[in-house]
Amino acid sequence: MALLEVRGLRKEFGDVVAVDGVDIKSEEGEFLVLLGPSGCGKTTLLRMIAGLEHPTEGQILLGGEDVTDLPPRARQIAMVFQSYALYPHMTVARNIAFPLKAQGVDGPERDEKVKWAAGLFGIEHLLHRRPRQLSGGERQRVALARAIVREPSVFLLDEPLSNLDAKLRAAARDDLMGFQRRIGITSVYVTHDQVEAMGMGDRIAVMRDGKIRQMGTPEEVYHHPADTFVAQFIGSPPMNLLDWGDYILGFRPEHFLPEGVQDGGDRVPFDFFVNRIEYLGSERYLYGFIPGHEETKVIAMLPATVTVPLEEQRQHRFSVASDQLRFFDKDGGQKIPPQTIQA
Amino acid sequence: MTTQTAKKPRYLADSPRFLAGLFMSPTIIYIVALVGFPFALAIIYAFTDITTGDPSLEFVGLDTIKAVWNDTVFRRALGNTFWFAVISNLFVVILATGLAELLTRDFKGKWFVRFLVLLPWVAPVSLATLTWLWTLDSVFSPIDWLLRQVGLIDQNMYWLGRPSLAFISVVAVQVWRIAPLAAVIVMAGMMAIPKDVHDAVEVDGAGPWRRLFEINIPLLAPIIAVAVLFGVILSMADMSVIYVLTRGGPTHRTQVLSTWAYFKGIEGGALGQGAAVALFLFPVLVGLTAVILRLARRREVL
């Protein structure tokens with residue numbers, strides 16, 4: 001039985017359909033990431049799971065029980081907000097104790113749990129401070145401790161790392177993952193950052209326009225995107241997509257290599273006119289186009305281990321392993337079975 | 001090098017000093033003429049025995065102030081002023097917080113309800129109070145009529161005719177009058193609380209009372225203090241409600257310092273005594289302002 005299940009969930013705000021028929025099943029202990037551009041409905045979906053928004057249609061089940069009509073406080077969930085939403089007039093200790101107080105947990109038991117939660121995130125020394133006296137990273141830990149203190153069955157996180165600077169974010173990501181693995185709590189994590197999603201998710205649900213376009217492990221969504229949107233949204237630089245007559249042809253920049261670099265297997269050769277080369281140390285980015293498809297920019301990403309000399313403003317011979325080619329329908333952009341190809 | 005930097009014409013309007021003076025002068029003139037001058041005059045009058053019948057300035061030291069202080073009506077007015085301000089603002093705070101809580105919710109016709117709530121504040125005070133004068137009339141009061149119909153009373157209440165009832169009536173009208181302003185101030189404060197914080201309160205499992213007393217009121221304390229400051233100053237310094245409804249009666253039960261100063265100084269012609277009565281308010285208001293502003297600054301947490 002799935003711990004968290006969402007069935008045919010739909011949410012309309014006036015004429016706008018924010019979430020349009022979403023189905024999710026999440027197992028105990030899973031780290032599920034909702035990934036998508038802003039406005040795709042991922043936060044609305046999370047808020048419906050939390051009970052902060054009421055769905056127009058559909059059901060939400062927690063541990064098999066229908067909680068669609070229950071208020072947030074009757075659900076066993078905790079949520080971490082993008083802004084952390086700490087209570088500014090309370091000390092860290094009182095912030096963490098607040099959900100317990102609301103639940104009627106008193107006295108020594110409450111103090112003990114506050115200490116336990118603070119200990120999990122290494123913030124015992126901050127218990128007497130107020131939120132405004134804390135750094136961004138410390139605030140985030142307080143928010144996590146407050147969410148976890150009453151041991152919820154589902155943990156919801158709404159872009160909790162986006163207010164941290166890049167360096168802190170990597171460390172916080174590592175902390176968060178370590179913590180989630182240790183506690184083994186089912187988590188739903190909303191982000192627009194595909195690197196975060198790839199690195200953290202057991203499974204990723206890629207959303208657009210209120211719909212889930214693809215749901216799968218990071219490997220699945222990266223290597224076998226369900227449509228052209230997923231292909232371009234995930235991966236940096238994104239998958240190259242070329243209008244190839246009856247269908248759309250796709251391949252990842254790192255699979256687009258100069259002839260002779262990789263031998264064996266079945267490879268499809270392409271001519272590649274290189275406009276510009278970016279040298280980034282660990283890799284080289286080559287920007288250009290394939291003759292006959294001048295209107296589409298193609299990017300090749302060569303690891304530093306590929307030392308073949310290449311020149312700008314020249315045509316070179318490249319190739320892609322044929323099992324790395326992806327094919328999409330021209331109308332809807334949906335994935336279609338492999339096609340035979342003449343380059 | 002110095003050839004081209006030469007004489008560009010300098011206008012008077014290029015001088016910041018001149019401009020500063022120019023732009024500030026209307027305000028300064030206005031304040032001096034309409035606030036500063038009468039205020040200085042009031043201080044001078046309070047130390048003389050000037051009356052409208054004898055407008056010569058003869059300094060009598062503290063005699064006028066002593067005379068005012070020893071007047072039993074003044075003592076009553078002093079107490080009334082205090083209770084009038086405290087009781088009405090107590091209700092104003094409760095009402096304003098409740099209204100703000102209500103008006104920040106989403107419901108149909110919110111715009112219209114907000115408009116209705118603000119109405120007592122935008123209506124001219126004398127006009128609005130006149131309506132109340134009729135509503136509380138000793139013979140034709142619609143409230144009395146209603147109570148009679150329901151069978152709660154046999155004869156009229158005389159809302160403004162019985163001392164204690166009159167005091168309750170002026171407090172009620174004062175609350176009606178200043179609650180909208182306070183409600184709008186508190187509402188603005190409530191809308192400034194981040195939505196995430198309220199969402200967090202819900203997810204953390206707090207009910208409406210906990211949310212009100214542990215989150216909203218502590219966070220709004222500085223804003224509520226400002227609303228109280230306005231309310232208290234309005235209750236102490238503005239006499240329109242009492243003047244129109246009861247003229248301080250009956251038996252001076254609703255007499256406050258502002259009305260008493262007016263009756264003494266303007267209607268009674270004892271300018272010196274009127275000024276002395278009015279001046280009693282000054283240190284009280286200064287003290288209150290200082291206390292509340294300090295409080296507001298200390299509670300600033302966001």
Side-chain angles (χ1 to χ4, degrees), chain A residues 13-14 43 46-54 70-91 94-105 130-133 139 142-152 154-160 163, chain B residues 93 96-97 100-102 104-112 185-228 292-302:
Chain A
F13 294 105
T43 295
L46 193 77
R47 290 173 60 82
M48 284 194 283
I49 297 172
L52 293 168
E53 304 279 356
H54 194 263
L70 294 183
R73 65 170 177 278
R75 306 179 181 195
Q76 271 298 320
I77 43 133
M79 185 159 171
V80 175
F81 295 85
Q82 188 173 358
S83 66
Y84 313 138
L86 299 178
Y87 308 128
H89 58 296
M90 296 183 187
T91 59
R94 281 190 61 209
N95 260 284
I96 300 175
F98 188 79
L100 296 174
K101 236 171 126 184
Q103 263 191 335
V105 179
R130 278 173 203 278
R132 72 190 141 106
Q133 298 166 312
R139 280 179 207 189
V142 176
L144 288 167
R146 185 180 67 183
I148 211 68
V149 71
R150 66 202 162 107
E151 300 170 67
V154 178
F155 199 30
L156 307 177
L157 303 108
D158 186 8
E159 310 220 11
N163 283 343
Chain B
V93 165
T97 313
E101 186 81 27
L102 205 74
T104 45
R105 301 275 166 84
D106 261 327
F107 57 89
K108 271 214 174 100
K110 182 159 93 170
W111 182 88
F112 186 66
I185 294 174
V186 176
M187 201 171 89
M190 207 167 281
M191 290 198 290
I193 297 178
K195 190 174 178 297
D196 273 2
V197 168
H198 280 153
D199 287 344
V201 173
E202 265 199 75
V203 173
D204 283 346
W209 291 109
R210 192 178 295 277
R211 171 177 127 134
L212 181 65
F213 286 106
E214 291 197 34
I215 305 292
N216 280 351
I217 288 180
L219 283 179
L220 289 173
I223 294 284
I224 292 177
V226 171
V228 168
I292 296 182
L293 284 181
R294 261 189 101 118
L295 201 76
R297 206 172 41 220
R298 215 190 52 207
R299 293 302 312 238
E300 204 108 42
V301 282
L302 284 172

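Each chain gets a letter, A, B and so on, in the order the sequences are listed, and its residues count up from 1.
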Sorted by chain and residue number, the side-chain contact (heavy atoms from CB on, under 4.5 Å) partners of Ala145(A) (sequence neighbours excluded) come out as Ile96(A), Ala117(A), Phe121(A), Ile123(A)
Smallest heavy-atom separation, Ala102(A) atom then Asp204(B) atom, equals CB-O, 3.6 Å
One should read off an interatomic distance between Glu214(B) CD and Arg94(A) CZ, to the nearest 0.5 angstrom, of 6.5 Å
key: Under 3.5 Å donor-acceptor, Tyr87(A) side chain and Val201(B) backbone   = yes
Answer key: most heavy-atom pairs under 4.5 Å with chain B among Met90(A), Gln103(A), Arg146(A) is Arg146(A)
Cut-off 4.5 Å, heavy atoms of chain B, and the answer for Leu86(A) is backbone
CG (Leu220(B)) and NE2 (His89(A)) are apart, to the nearest 0.5 Å, by 10.0 Å
Within residues 70-77 of chain A, contacts to chain B at heavy-atom distances under 4.5 Å involve Pro72(A), Arg73(A), Ile77(A)
Output for pair (Arg210(B) CZ, Lys101(A) NZ), nearest 0.5 Å, gives 6.0 Å
Val203(B) and Met79(A) have their tightest heavy-atom pair at CG1-N, 3.7 Å
Q. If you count the non-hydrogen atoms of other residues, nucleotides and ligands that lie under 6.0 Å from CZ in Phe107(B), is the total more than 12?
A. yes
